[in-house]
Amino acid sequence: MAYWLMKSEPDVYSIDDLARDGTTCWDGVRNFQARNHMKTMKVGDEVLYYHSRQTPPAVVGRARVVREAYPDHTQFDASSKYHDPRASADAPRWFMVDIEFVEKFERPVPLPELKTVPALADMVLLNNARLSVQPVRPEEWRAVLDRAR
DNA sequence: GCCAACGTTGGC
DNA sequence: GCCAACGTTGGC
């Protein structure tokens with residue numbers, strides 16, 4: 001089983017939205033690296049849910065992969081801001097997974113705190129600020145969870 | 001709201 | 001295939 005971190009802007013889709021919905025499809029990813037990470041996800045993989053663009057940004061909960069990569073429908077929708085004219089049903093360019101809500105942390109772990117943890121020094125989040133879907137090492141996952149409780 | 005960092009596009 | 005220009009992300 002693998003571990004991941006997925007970012008969302010809370011005013012677009014927050015952990016509370018996910019808790020309410022139960023499951024959601026992770027549409028709108030338009031970055032090749034992030035897409036490729038989603039293509040390698042397996043059912044049961046663990047996800048850290050991160051809120052970006054809030055003060056401070058923080059890991060706020062957990063989710064789990066419940067459906068593996070399939071074409072992101074918004075790429076075919078001309079009225080969507082995620083529409084991609086280069087994509088076709090035969091040759092989709094963008095994929096998404098479904099995730100389900102697992103837990104909202106009583107104690108979110110803010111970014112400034114993550115930066116102080118030696119075990120997290122190599123975490124992708126702290127070294128490639130732009131990537132919205134990223135792998136997490138098992139020991140990093142453990143270290144984050146330890147601080148959320 | 002600013003702006004640095006970085007990914008993508010497209011001209012050559 | 002290089003790289004400048006451009007657009008977007010996301011911390012502050």
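Remember, predicted model here, so these are calculated numbers, not experimental data.
- Taking atom CD on A:Gln54 and atom C1' on B:dG1, their separation rounds to 18 Å, with Å as the unit.
- Across the protein-nucleic acid pair, A:Lys7 atom NZ and C:dT8 atom P stand 17 Å apart, rounded to whole Å.
- For A:Phe32 and B:dG7, the CZ to C1' distance is 10 Å, given to the nearest whole Å.
- Between B:dT9, B:dG7, C:dG11, one nucleotide has an atom nearer to the side chain of A:Leu111 than all others, and that is C:dG11.
- Taking 4.0 angstrom as the limit, A:Lys81 places none of its side-chain polar atoms (N or O) nearer than this to OP1 or OP2 of C:dT8.
- Of the candidate nucleotides B:dT9, C:dG11, B:dG7, B:dG7 has the atom nearest to the side chain of A:Asn31.
- Ionic pairing of A:Glu46 and A:Arg62 is present here: one or more N-O contacts between side-chain nitrogen and carboxylate oxygen are shorter than 4.0 angstrom.
- No N or O donor and acceptor, one from the side chain of A:Arg30 and one from the base of C:dT8, sit under 3.5 Å apart.
- Here the C1' atom of nucleotide C:dG11 and the CD atom of A:Glu9 are 12 Å apart, to the nearest Å.
- One can place NE2 of A:His37 at 14 Å from C1' of B:dG7, the figure rounded to the nearest angstrom.
- Distance, A:Asn128 CG to C:dG11 P: 12 Å, rounded to whole Å.
- A salt bridge links A:Arg142 and A:Asp146; the closest N-O separation between the charged side-chain nitrogens and carboxylate oxygens is under 4.0 Å.
- Contact annotation: A:Arg86 reaches the phosphate of B:dT9 (side-chain N/O to OP1 or OP2, under 4.0 Å).
- When the P atom of B:dG7 is taken as reference, atom CD of A:Gln134 falls 12 Å away, rounded to whole Å.
- Of the candidates C:dT9, B:dT9, C:dG11, the closest approach to any side-chain atom of A:Arg130 belongs to C:dT9.
- Under the 3.5 Å distance criterion, the side-chain polar atoms of A:Asn31 are matched with a main-chain donor or acceptor of A:Ala34.
- Ion pairing between a basic and an acidic side chain is recognised when a charged N comes within 4.0 Å of a carboxylate O; A:Asp45 and A:Lys42 show no such pairing.
- Between A:Asp84 atom CG and C:dT8 atom C1' there is a gap of 16 Å when expressed in whole angstrom units.
- The phosphate of C:dT8 (OP1 or OP2) has no side-chain N or O of A:Tyr82 nearer than 4.0 angstrom.
- Defined by atom type and a distance below 3.5 Å, a donor-acceptor pair is missing between the side-chain atoms of A:Ser88 and A:Asp90.
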